[in-house]
Amino acid sequence: MSKEKKIYVVGIGPGAYEEMTGAAVRALEESDIIVGYTVYVDLVKDHFPGKGFLTTPMRKEVDRCVLAFDEAEKGQTVSMICSGDAGVYGMAGLMYEIGERYPEVELEVVPGVTAALGGASVLGAPLIHDFCLISLSDLLTPWEKIEKRLLGASQADFVICLYNPSSHKRHDYLQKACDLMMQYKSPDTVCGTVANIAREGETAQVMTLKELRDTKVDMFTTVFVGNSQTKNINGKMVTPRGYRDV
């Protein structure tokens with residue numbers, strides 16, 4: 001009887017072992033091979049000795065997926081790992097797309113703690129009301145579409161969580177985003193940033209939208225922009241559950 005061909009697509013959360021879900025740990029323990037971006041594999045390698053590890057660098061996502069399917073075709077149980085949640089700017093969608101070429105391989109997505117949730121817990125309670133996630137990376141999305149989303153979400157008074165807010169090539173993108181959001185949001189809107197969530201060097205700040213515009217961030221920073229009701233309570237960013245006064 002041939003072995004089942006199985007791939008888990010696993011969100012490992014921020015990367016620390018204790019931040020993973022029990023289901024994520026079980027999936028990795030059941031796997032023969034763990035596949036992922038080099039940085040993410042390095043985060044889990046010490047906790048799962050005896051496993052085979054396969055890595056690809058950034059921007060080799062398609063190659064990484066094919067690698068996982070090829071191993072599963074050999075009868076290996078495979079985990080494709082992603083930081084945060086595999087279904088939030090992760091590999092789950094691409095795995096299903098490429099998986100059409102491998103109809104005998106079963107996919108199972110295992111959720112993880114995405115940066116919005118991990119960062120929110122550090123800042124206080126910024127996501128209690130309606131919120132949206134917007135990535136400022138224009139590698140896969142035209143900047144014109146990102147602009148429309150920023151304006152639309154700001155006009156609708158969403159709390160906005162920004163992923164990939166800056167990089168060497170996009171050093172001014174957060175400034176541009178803040179200028180767009182301030183067309184509809186007050187410069188005094190309560191905002192926050194969290195860098196290196198649940199990792200060494202974690203730092204958090206609460207500030208106004210005007211101050212956020214000139215704050216230095218990087219790809220390891222998640223940015224939170226409040227709605228019109230969001231408050232700074234003793235240095236914590238708190239969004240009320242509704243629009244009525246408590």
Side-chain angles (χ1 to χ4, degrees), residues 14 83-85 88-90 113-199 201-246:
S83 69
D85 181 89
V88 180
Y89 304 115
V113 178
T114 188
L117 304 182
S121 68
V122 176
L123 285 172
L127 305 182
I128 297 296
H129 206 284
D130 297 341
F131 69 94
C132 66
L133 309 181
I134 299 176
S135 171
L136 296 190
S137 173
D138 58 358
L139 286 174
L140 300 174
T141 305
W143 177 252
E144 294 72 25
K145 191 171 286 291
I146 295 171
E147 282 189 352
K148 288 180 181 178
R149 290 172 177 171
L150 288 165
L151 290 170
S154 299
Q155 185 176 19
D157 202 27
F158 277 94
V159 174
I160 302 173
C161 183
L162 299 176
Y163 282 34
N164 307 312
S166 183
S167 69
H168 292 301
K169 292 182 180 178
R170 300 182 292 104
H171 61 90
D172 62 341
Y173 276 34
L174 180 59
Q175 285 188 342
K176 290 162 67 174
C178 289
D179 287 339
L180 288 164
M181 291 185 288
M182 278 192 280
Q183 291 184 34
Y184 294 103
K185 289 179 178 285
S186 165
D188 294 324
T189 300
V190 177
C191 299
T193 64
V194 188
N196 300 306
I197 298 166
R199 299 179 188 173
E202 178 185 276
T203 56
Q205 301 179 74
V206 175
M207 65 198 76
T208 66
L209 180 53
K210 184 179 180 181
E211 291 168 335
L212 175 66
R213 184 190 182 278
D214 298 314
T215 297
K216 190 173 181 180
V217 297
D218 59 23
M219 289 290 283
F220 298 102
T221 305
T222 306
V223 174
F224 297 77
V225 179
N227 67 18
S228 60
Q229 306 299 300
T230 304
K231 308 171 185 178
N232 182 334
I233 300 178
N234 298 323
K236 292 294 185 180
M237 185 178 176
V238 180
T239 300
R241 192 171 172 186
Y243 279 74
R244 294 178 181 170
D245 291 332
V246 177

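No experiment lies behind these values; they were computed from the predicted model shown.
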Atom CG of Asn234 with >12 non-hydrogen neighbours under 6.0 angstrom | no
Is the backbone of Met182 close enough, under 3.5 Å, to the side chain of Asp179 for a donor and an acceptor to pair up by distance?
-> no
Thr239 side chain to Pro126 main-chain N or O, any donor-acceptor pair under 3.5 Å?
-> yes
Do His129 and Pro240 touch side chain to side chain, with heavy atoms closer than 4.5 Å?
-> no
Any donor-acceptor pair under 3.5 Å from Tyr184 side chain to Leu150 backbone | no
For Val190, does its backbone N or O pair with a side-chain atom of Lys231 as donor and acceptor, under 3.5 Å?
-> no
Flag the pair Lys176 / Leu136 as yes when at least one side-chain heavy-atom distance between them is below 4.5 Å, and no otherwise.
-> no
Could you tell me whether Leu139 atom CG has more than 12 heavy atoms of other residues or ligands within 6.0 Å of it?
-> yes
Residue pair Tyr243 / Ser228, side-chain heavy-atom distance below 4.5 Å | yes
Can you tell if the side chain of Phe224 reaches within under 4.5 Å of the side chain of Val159, non-hydrogen atoms only?
-> no
Using atom types as modelled and distance alone, determine if a side-chain donor or acceptor of Glu211 lies under 3.5 Å from a backbone N or O of Thr208.
-> yes
Partner residues of Arg199 under the side chain to side chain contact (heavy atoms under 4.5 Å, CB included) criterion, sequence neighbours left out | Leu43, Ser83, Asn196, Phe220
Decide yes or no for Asp157 and Lys185: does some side-chain heavy atom of the first lie under 4.5 Å from some side-chain heavy atom of the second?
-> yes
Scan residues 133-142 for pairs that pass side-chain hydrogen bond (donor to acceptor under 3.5 Å, both in side chains), counting only residues two or more places apart or in two chains.
-> Ser135-Asn164, Asp138-Tyr173
